[in-house]
Protein chains: 2
Amino acid sequence: MSGPQTSDRILDAALASFGTRGYDATSLDALAGMLEIRKQTILYWFANKEAVLAALIERSAAELTEAFEQGLKGTGQGWEKVAAVVRAVFRLAARRPELLGLVREAARLGPPAATQMITALDPLVQRASAFLEAEMDAGRMRRHDPRLLLLSIYSTVIGMVTEVEVFRALGEEPSAKSLVRRRADVLALLRSALMTPEG
Amino acid sequence: MSGPQTSDRILDAALASFGTRGYDATSLDALAGMLEIRKQTILYWFANKEAVLAALIERSAAELTEAFEQGLKGTGQGWEKVAAVVRAVFRLAARRPELLGLVREAARLGPPAATQMITALDPLVQRASAFLEAEMDAGRMRRHDPRLLLLSIYSTVIGMVTEVEVFRALGEEPSAKSLVRRRADVLALLRSALMTPEG
DNA sequence: CAGATTCCCTACCAAATGGTAGACAACCTG
DNA sequence: CAGGTTGTCTACCATTTGGTAGGGAATCTG
């Protein structure tokens with residue numbers, strides 16, 4: 001009964017606000033205000049503000065991992081697989097932009113938040129890294145340092161999905177349509193960057 | 001005599017701190033502490049904290065513009081020009097990492113800071129956009145939406161240069177050497193992404 | 001149904017923060 | 001050298017913020 005647990009609702013609100021306004025810019029009072037509860041209720045469920053962030057990162061990393069796995073399930077091979085993952089990320093950007101915003105925010109905040117997020121996502125990174133390396137070994141992809149390549153892809157995609165303000169300034173109102181165009185462009189770019197001409 | 005003007009020293013400190021720790025996480029007291037002055041001195045030179053940021057963005061945009069022009073001066077053509085600009089950005093990342101950190105921070109903060117930064121850098125964006133379009137028209141580059149392409153390049157490069165934490169977590173201590181490797185990789189990636197096979 | 005537990009609340013609090021008011025010394029300038 | 005200007009400071013202040021202490025209603029449990 002009684003809808004979702006308070007602690008979950010707190011994390012929902014925290015995700016929305018940390019992922020867009022940022023951690024520092026979100027006070028516990030503001031968070032409580034969004035839920036029409038008192039901040040002391042938040043502090044009943046979480047030891048302190050940092051603990052809210054930590055719990056949020058854990059939950060979000062799990063959700064991200066799941067979304068990725070989703071993108072990998074169908075499993076084509078080679079480029080198709082990369083494209084599937086990128087599409088999964090863009091799908092996520094459309095449905096839950098705050099989630100990717102939080103990844104960025106965590107990276108920005110530095111330890112311990114960044115470390116926690118990256119550690120939680122590490123299995124994903126390992127798999128992706130191994131996959132890229134295998135593709136390169138098989139000659140289906142141009143050779144690069146897989147970790148650097150991964151970082152490039154990460155930078156590009158998360159930027160395209162996250163840099164709302166830059167986008168707006170370039171005269172592109174954020175919308176579903178514009179996101180689709182960005183996705184198409186990123187895919188085209190990555191395709192020509194990664195694939196060998198014959199691939 | 002007497003070294004640089006106080007207001008300049010304030011902006012120097014603000015750049016160092018806003019560009020790394022972030023705007024919210026930098027108090028006027030902390031800023032003053034770095035310079036061994038009182039915060040009231042800062043408020044003598046700048047109306048308020050926001051005004052410090054505004055002045056800093058203005059100064060930094062000018063410096064960025066200059067660095068870019070530098071990278072464009074020698075003027076090869078086509079890919080060489082893109083590479084020259086990317087190299088200029090990486091040179092900047094080595095010498096003045098906070099400057100690129102500030103760009104990112106401004107974009108993150110949203111209006112008015114983001115608007116101001118983007119407006120100040122607009123001439124650069126226009127030039128770059130026009131250049132890319134011309135290259136495409138001349139068939140020396142794969143065709144993309146120039147603005148989206150620019151945003152991709154921006155995302156990739158600023159990420160590679162800025163995502164210190166992600167980098168550290170990938171086991172790469174930030175260092176001059178690692179920056180050079182990242183530069184090489186970004187260049188290789190962009191080259192294969194942008195150039196037509198015969199170009 | 002007595003007693004413990006769960007959950008949210010009111011009432012505070014100390015520290016930090018952005019900002020105001022105004023003193024005061026050093027330096028120009030007539 | 002008198003009087004203003006410049007640049008920094010001390011003294012405050014209101015607000016916000018993360019956090020503590022503890023009360024009380026509802027619910028669970030023996």
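All values below come from the heavy atoms of this structure, side chains included, with hydrogens, waters and symmetry mates left out.
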Enquirer: Hey, does the side chain of A/Y44 come within less than 4.0 Å of C/dC7's phosphate (OP1/OP2), counting only N and O?
Expert: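 Checking A/Y44 against C/dC7: at least one side-chain N or O falls below 4.0 Å of OP1 or OP2.
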
Enquirer: To the nearest Å, give me how far apart CZ (A/R38) and C1' (D/dT17) are.
Expert: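 Roughly 17 Å, once rounded to whole Å.
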
Enquirer: Establish, with yes or no, whether the OP1 or OP2 oxygen of D/dT8 is under 4.0 angstrom from a side-chain nitrogen or oxygen of B/T6.
Expert: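 Yes.
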
Enquirer: Kindly give the heavy-atom pair with the smallest separation between A/A88 and A/G71, and that separation in Å.
Expert: CB-CA, 3.8 Å

Enquirer: Over how many whole Å does the gap from A/I37 atom CD1 to C/dC9 atom P extend?
Expert: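 Taking atom P of C/dC9 as the reference, CD1 of A/I37 is at 6 Å.
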
Enquirer: Counting only side-chain nitrogens and oxygens, does A/S27 get under 4.0 Å of the OP1 or OP2 atom of D/dT16?
Expert: no

Enquirer: For A/D29, run the salt bridge (charged side-chain N to carboxylate O under 4.0 Å, His left out) check against A/R38, A/K39, A/K49 and tell me which one passes.
Expert: A/K39

Enquirer: Take the protein atom NZ of B/K39 and the nucleotide atom C1' of C/dG19, then report the distance between them rounded to whole Å.
Expert: 7 Å

Enquirer: So what does A/L43 touch, heavy atoms closer than 4.0 Å: a base, only the sugar-phosphate, or nothing?
Expert: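 If one applies the 4.0 Å heavy-atom cut-off, A/L43 turns out to touch a base.
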
Enquirer: I want to check one thing: is the phosphate of C/dT6, taken as OP1 and OP2, less than 4.0 Å away from some side-chain N or O of A/W45?
Expert: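 No, no such contact exists.
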
Enquirer: Could you tell me how far apart A/D29 (CG) and C/dT10 (C1') are, to the nearest whole angstrom?
Expert: 13 Å

Enquirer: Starting at atom CZ of B/F46, determine the distance to atom P of C/dT17, rounded to an integer number of angstrom.
Expert: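 Those two atoms, CZ and P, are 20 Å apart.
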
Enquirer: Atom CE in B/M195, atom CZ in B/R142: separation rounded to 0.5 Å?
Expert: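 Between atom CE of B/M195 and atom CZ of B/R142 there are 9.0 Å.
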
Enquirer: Between A/T41 and C/dC7, does any side-chain N or O lie under 4.0 Å from OP1 or OP2?
Expert: no

Enquirer: Nearest whole Å is fine: how far is C/dT17 P from B/Y23 OH?
Expert: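 It works out to 13 Å between those atoms.
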
Enquirer: Can you see which heavy atom on B/L102 is nearest to which on B/S60, and at what distance?
Expert: CD2-OG, 3.3 Å

Enquirer: To the nearest 0.5 Å, what is the distance between CG (B/L64) and CE (B/M117)?
Expert: 6.5 Å

Enquirer: When only distance counts, do a donor and an acceptor, one from the side chain of A/K49 and one from the base of D/dG19, lie under 3.5 Å apart?
Expert: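 Answer is no: no donor-acceptor pair is held.
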
Enquirer: Please compare A/A47 and B/Q40 by the position of their nearest nucleotide in DNA chain D and report the one closer to 5'.
Expert: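 Comparing both residues, the 5'-ward one is B/Q40.
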
Enquirer: Atom CZ of A/R9 and atom C1' of C/dC8: how far apart are they, to the nearest Å?
Expert: 12 Å

Enquirer: Whole angstroms only, please: what is the CD-P distance between A/E50 and D/dG18?
Expert: 12 Å

